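The structure under discussion appears below in the form of structure tokens.
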Amino acid sequence: MKPYFSRTTLFVLPLLLGSISTQSMAAADAADSVSVGDPYVRAVPPGQPNSAAFMKLHNNSTARHSIISADSSVAKLIELHTHVKEGGMMKMRQVKKIDIPSRGETVLQPGGLHVMLIGLKGGLKPGDSVSITLVFEDGSKKVIQAPVRKMKMTMDMKKRMH
Amino acid sequence: MKSFGWIFFVAAIGVLMGWVISQWMPAADRPVSLSDAPRGGDFTLDAPNGPFRLQAQRGKVVLLYFGYTFCPDVCPTNLALMTQALNALTGEELARVQGVFISVDPERDTLNRLTAYTNHFHSSLIGVTGDPDELARIAAQYGAAYRKVEGESQGGYLIDHSSNTYVIAPDGSLHLALPHASPAQDILDVTRRLLAQTQSDN
């Protein structure tokens, strides 16, 4: 009876697998190293041309990574933006990249960094989901699904003494 | 008598030196006097149902915010906070409060767009805009600042702007300016305080 695997295969296979795994570790791209938490897109009224996506970016690797651009079919144009408060004014500015420090976190949140969706092709209703592709400095990409959320319009009811 | 003359002389020198020093101090270091603070005041702007006159709001607390609807984050954040406060009021209180969104971008913000925008937040909120010169005058009156910025985004011009919520008392006077992203509770507290004051005055 002929063995299913030749002796050579049996000998080479573990080596081959090993090399693949070490290779993938060495070449772990930015998209694999960065995890995205709690992404969401802000719901906007009908006819409103722009919105923004927010999320938490966590870098699980020892190298710094950056998002250099983003893409989504819901808008004509996507830019990376931040806000700076200067001279009593809120200034929205485009940024070239969003860095995520090694083993660190960068939070995209209202009043700060955000992925700006410009020229929305349709309305964004709560409950919709927006697919956004994040492009990293090494060209690797990550596709995320961001639910559309309406801002909180009611206050938390705290027990207050009157 | 001679010593009395001396005292007078020294005092005079002192007063003179004080005056000289106060004149030397750069303007920025001098404490801002009350007359420098924005005073607010009446205005008339275009609203979806005819002109909006602040004067016609006497007896109400007016919450005033300057912004533009292309703003994806800063304006919605503040209007959502204002809405949270409005939603916490009783019906009776709400009838005595008027939220106003002044668009400083009349070029793009038509009255129809403003209506769709304000309705997204609270049905009682009113969106107004008008002639650029008039808007500039009103902003200066309230101490609001804004500036058109070209070339920053491929999506069109942006507007840098201050992000205060101006609280106008029922007598039409500017009560205070709440800074950007002031919690809804702060907006609610000051609104209720002003409502209670006018209630007890009557």
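This is a predicted model, so every value here is computed, not measured. Each chain gets a letter, A, B and so on, in the order its sequence line appears, and its residues count up from 1.
At a cut-off of 3.5 Å, with distance as the only test, no side-chain donor of B:Asn87 or B:Thr83 sits close to an acceptor on the other residue. With no hydrogens or angles considered, a side-chain donor-acceptor pair links A:Asp138 and A:Ser140 at under 3.5 Å. In this structure, a donor-acceptor pair under 3.5 Å is present between the side chains of B:Arg96 and B:Thr198. Using modelled atom types, one finds no donor on one side chain facing an acceptor on the other under 3.5 Å when comparing B:Thr118 with B:His122. Between the side chains of A:Asn60 and A:Ser33, no donor N or O sits under 3.5 Å from an acceptor N or O.
Interface remark: A:Arg42 contributes side-chain atoms only to the contact with chain B (heavy atom separation under 4.5 Å). Only the side chain of A:Met151 comes within contact range of chain B, with heavy atoms under 4.5 Å apart. Of the two parts of B:Pro183, neither the backbone nor the side chain holds a non-hydrogen atom closer than 4.5 Å to a non-hydrogen atom of chain A. Only the side chain of A:Glu79 comes within contact range of chain B, with heavy atoms under 4.5 Å apart. In this structure, chain B has heavy atoms under 4.5 Å from both the backbone and the side chain of A:Met153. Residue A:Thr154 touches chain B through both its backbone and its side chain, counting heavy-atom pairs closer than 4.5 Å. For B:Leu81, no part lies near chain A; criterion is any non-hydrogen pair under 4.5 Å. In this structure, chain B has a heavy atom under 4.5 Å from the side chain of A:Lys150, while its backbone stays farther away.
Under a cutoff of 6.0 Å and an axis angle of 45°, B:Arg108 and B:Phe70 form a cation-pi pair.
Scanning all heavy atoms of the two residues, the minimum distance from B:Asp73 to A:Gln109 falls at OD2-O, 4.4 Å.
Between chain B and the residues A:Ala52, A:Gly111, A:Ala75, A:Gly87, the most heavy-atom pairs under 4.5 angstrom are made by A:Gly111. Ranked by non-hydrogen atom pairs under 4.5 Å with chain B, the options A:Pro45, A:Ala43, A:Pro110 are led by A:Pro45. Interface check for chain A: of the options B:Leu86, B:Val149, B:Asn112, the most heavy-atom pairs under 4.5 Å are formed by B:Val149. Between chain A and the options B:Met82, B:Gln154, B:His180, the largest number of non-hydrogen pairs under 4.5 Å is found for B:Gln154. Most heavy-atom pairs under 4.5 Å with chain A, from the set B:Ala184, B:Ala80, B:Ser153: that is B:Ser153. By number of non-hydrogen pairs under 4.5 angstrom with chain A, the leading residue of B:Ala181, B:Gly155, B:Pro179, B:Ser163 is B:Gly155.
The shortest distance between side-chain heavy atoms of A:Leu117 and A:Ile78 falls below 4.5 Å. At a threshold of 4.5 Å between non-hydrogen side-chain atoms, the residues A:Phe136 and A:Asp29 do not count as touching.
Side chain of B:Gln98 to backbone of B:Leu125: no donor-acceptor contact under 3.5 angstrom is found.
Within 6.0 Å of NZ on A:Lys152 lie more than 12 heavy atoms contributed by other residues, nucleotides or ligands. Around CD of B:Glu92, the count of heavy atoms belonging to other residues, nucleotides or ligands within 6.0 Å does not exceed 12.
At a heavy-atom separation below 4.5 angstrom, chain A is approached by B:Ala145, B:Tyr146, B:Arg147 within residues 133-147 of chain B.
Using the six-membered ring where Trp is involved, B:Tyr65 and B:His161 have ring planes that are perpendicular, over 60° apart on the 30 and 60° scheme.
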